[in-house]
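Only one structure is covered here, and it is reproduced in the block below.
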Amino acid sequence: MSKVVLDKITKIYDNSVEAVKDVSLIAEDKEFVVLVGPSGCGKTTTLRMIAGLEEVSKGKIFIGDKFVNNVLPKDRDIAMVFQNYALYPHMSVYQNMEFGLKLRKTPKKEIHRRVEMTAELLGIGELLNRKPKQLSGGQRQRVALGRAIVRQPKVFLFDEPLSNLDAKLRVQMRAEIIKLHKKLQTTIIYVTHDQIEAMTMGDKIVVMKDGEIHQTNSPIHIYNQPSNKFVSGFIGSPAINFFDGKLNKKNGKLYFDEGSFSVLIPDEFLDHLEKYTDREITIGIRPEDIYHKPYSTNAEIPALIEAKVEVVEPLGSEYVVLFITGHTTFTGRLEPKEEPVMGEKIDIVIDMKKVHFFDPETELTVV
């Protein structure tokens, strides 16, 4: 069993800074768990506490069935892959990969078998005699992965391992790590600030901010049912659009009034929103739920507003467009055949079925 359990762990530094606050989390056996959040949210500190590189101020950590708070990093049966690869420059690839096994006095034949098998798995067999300075960034990252894999640990810990790679190589390495997880069937806890990495790689995502967990669930669940405004804004690219306005009731129907436009609220939301009548509320609309009127047939419950095209970003497969209506700017993703023109005013359709509603004070999701 390589289950990892964090039971209300806290990290307080000497200057009284509380970097991680009462975090509880379970990474099940063979699960791929991704900790994601902005810089300074506590995700790397959490990972380092699991590894034993940071002391736990409060709470308990279990790896398998073993309580490990006071267990040295080398005895926790974990392997960590760092952002900067952490390879020994004077050693060959082979020597880097065998180093940890030699320290554990693993028999030479077993070391050779594991290194050869791992090099073949990662496609770096022809690089075993090279030094790190003779390798590309992607090759170095594969060697860092290999050094972890040969250990055959219970748990792999990844600390932003793809941050130093270019965009194309990051996509390639994401796929490689996903395939490795399927082959190795080992628990992985992976830290990143990149929400696209989190969405595409994780069985479970843990969204953190200011040292606390804001939501834990599958990528699709978090995308479709964010727990609060922060989570909805952090997950998704381009980011969700927020509109501040007021809920008004007319002839038994509820409307969201932004000031420059007013849209009808679907009946299915009324029970949740009744108490916000004549009160301020924030709505969130994802760019992919915004359509140019002639191409709005995909909207389940359409609502029409007029908006001015401010900026157009042609991406080939789509246009990412920055609109403005009244005092609010927002982003839409339009089909390539639409060819929006900067400065023109066009009719935009919002799919009201996909709108998220947030309490403006607590920022929690209302519906």
Side-chain angles (χ1 to χ4, degrees), residues 2 4 27-36 43-44 47 50-51 77-88 91-101 111 113-206 218-220 235 237:
S2 53
V4 177
E28 299 289 354
D29 184 37
K30 301 176 186 176
E31 192 172 34
F32 197 131
V33 178
V34 180
L35 308 185
V36 65
K43 55 190 184 295
T44 293
L47 196 76
I50 297 170
D77 204 4
I78 56 96
M80 194 161 180
V81 180
F82 296 92
Q83 177 180 347
N84 62 357
Y85 318 130
L87 301 177
Y88 296 108
M91 293 183 181
S92 68
V93 168
Y94 187 99
Q95 290 168 330
N96 266 283
M97 290 174 67
E98 73 170 353
F99 186 72
L101 297 177
I111 290 176
R113 185 189 71 81
R114 288 198 202 178
V115 171
E116 291 286 335
M117 181 182 68
T118 303
E120 183 180 348
L121 180 68
L122 293 169
I124 56 173
E126 73 281 4
L127 306 178
L128 290 175
N129 293 320
R130 295 191 192 179
K131 297 285 180 63
K133 67 181 180 182
Q134 298 171 299
L135 306 177
S136 68
Q139 290 169 334
R140 290 179 195 178
Q141 192 55 271
R142 280 187 169 84
V143 175
L145 282 170
R147 187 178 55 187
I149 291 167
V150 294
R151 295 260 315 281
Q152 298 180 352
K154 284 184 178 178
V155 180
F156 287 100
L157 305 178
F158 288 81
D159 186 14
E160 306 211 32
L162 309 183
S163 295
N164 291 337
L165 305 180
D166 63 58
K168 185 177 179 180
L169 197 50
R170 276 204 305 273
V171 173
Q172 183 183 336
M173 287 302 299
R174 281 207 306 261
E176 292 293 330
I177 292 172
I178 292 168
K179 286 192 287 185
L180 274 173
H181 178 241
K182 292 186 184 302
K183 287 180 183 177
L184 298 174
Q185 291 290 293
T186 309
T187 306
I188 291 178
I189 302 178
Y190 187 106
V191 159
T192 181
H193 64 275
D194 185 335
Q195 54 90 19
I196 294 177
E197 271 185 32
M199 288 288 291
T200 55
M201 298 180 77
D203 300 320
K204 181 161 70 185
I205 296 180
V206 182
S218 69
I220 294 303
I235 299 296
S237 179

> In terms of the angle between their ring planes, are His181 and Phe32 parallel, tilted or perpendicular, with boundaries placed at 30° and 60°?
Replying inline: perpendicular

>> Could you check whether any side-chain heavy atom of Glu197 comes within less than 4.5 Å of a side-chain heavy atom of Arg170, counting everything from C-beta outward?
In response: yes

> With a cut-off of 6.0 Å (strictly less than), are more than 12 heavy atoms of other residues, nucleotides or ligands near CD of Glu126?
Replying inline: yes

> Within the distance-only criterion (no hydrogens, no angle test), does the side chain of Ser218 pair as donor or acceptor with the backbone N or O of Lys204 below 3.5 angstrom?
Replying inline: no

>> So if I apply the side-chain contact (heavy atoms from CB on, under 4.5 Å) rule between Leu122 and each of Leu127, Leu145, Val143, which one comes out positive?
In response: Leu145

> Which value, rounded to the nearest 0.5 Å, describes the distance between Arg174 atom CZ and Met199 atom CE?
Replying inline: 11.5 Å

> Arg142 versus Met173: any side-chain heavy-atom pair under 4.5 Å?
Replying inline: yes

> Applying the side-chain contact (heavy atoms from CB on, under 4.5 Å) test to Met97, which of Ile124, Ile111, Leu87 qualifies?
Replying inline: Ile124

> Ignoring hydrogens and geometry, is there a side-chain-to-backbone donor-acceptor pair from Thr118 to Val115 under 3.5 Å?
Replying inline: no

>> So, taking the atom named CD1 in Ile149 and the one named CZ in Arg147, what distance separates them when rounded to the nearest 0.5 Å?
In response: 12.0 Å

>> Ignoring hydrogens, what is the shortest heavy-atom contact between Val34 and Gly202? Give both atom names and the distance.
In response: CG2-CA, 3.6 Å

> How many angstroms lie between CD1 in Ile177 and CD in Gln141, if you round to the nearest 0.5 Å?
Replying inline: 6.5 Å

> Taking Asp29 for the side chain and Ser2 for the main chain, is one N or O donor matched with an acceptor at less than 3.5 Å?
Replying inline: yes

>> Please check: side-chain N/O of Ser163 versus main-chain N/O of Gln83, any donor-acceptor pairing under 3.5 Å?
In response: no

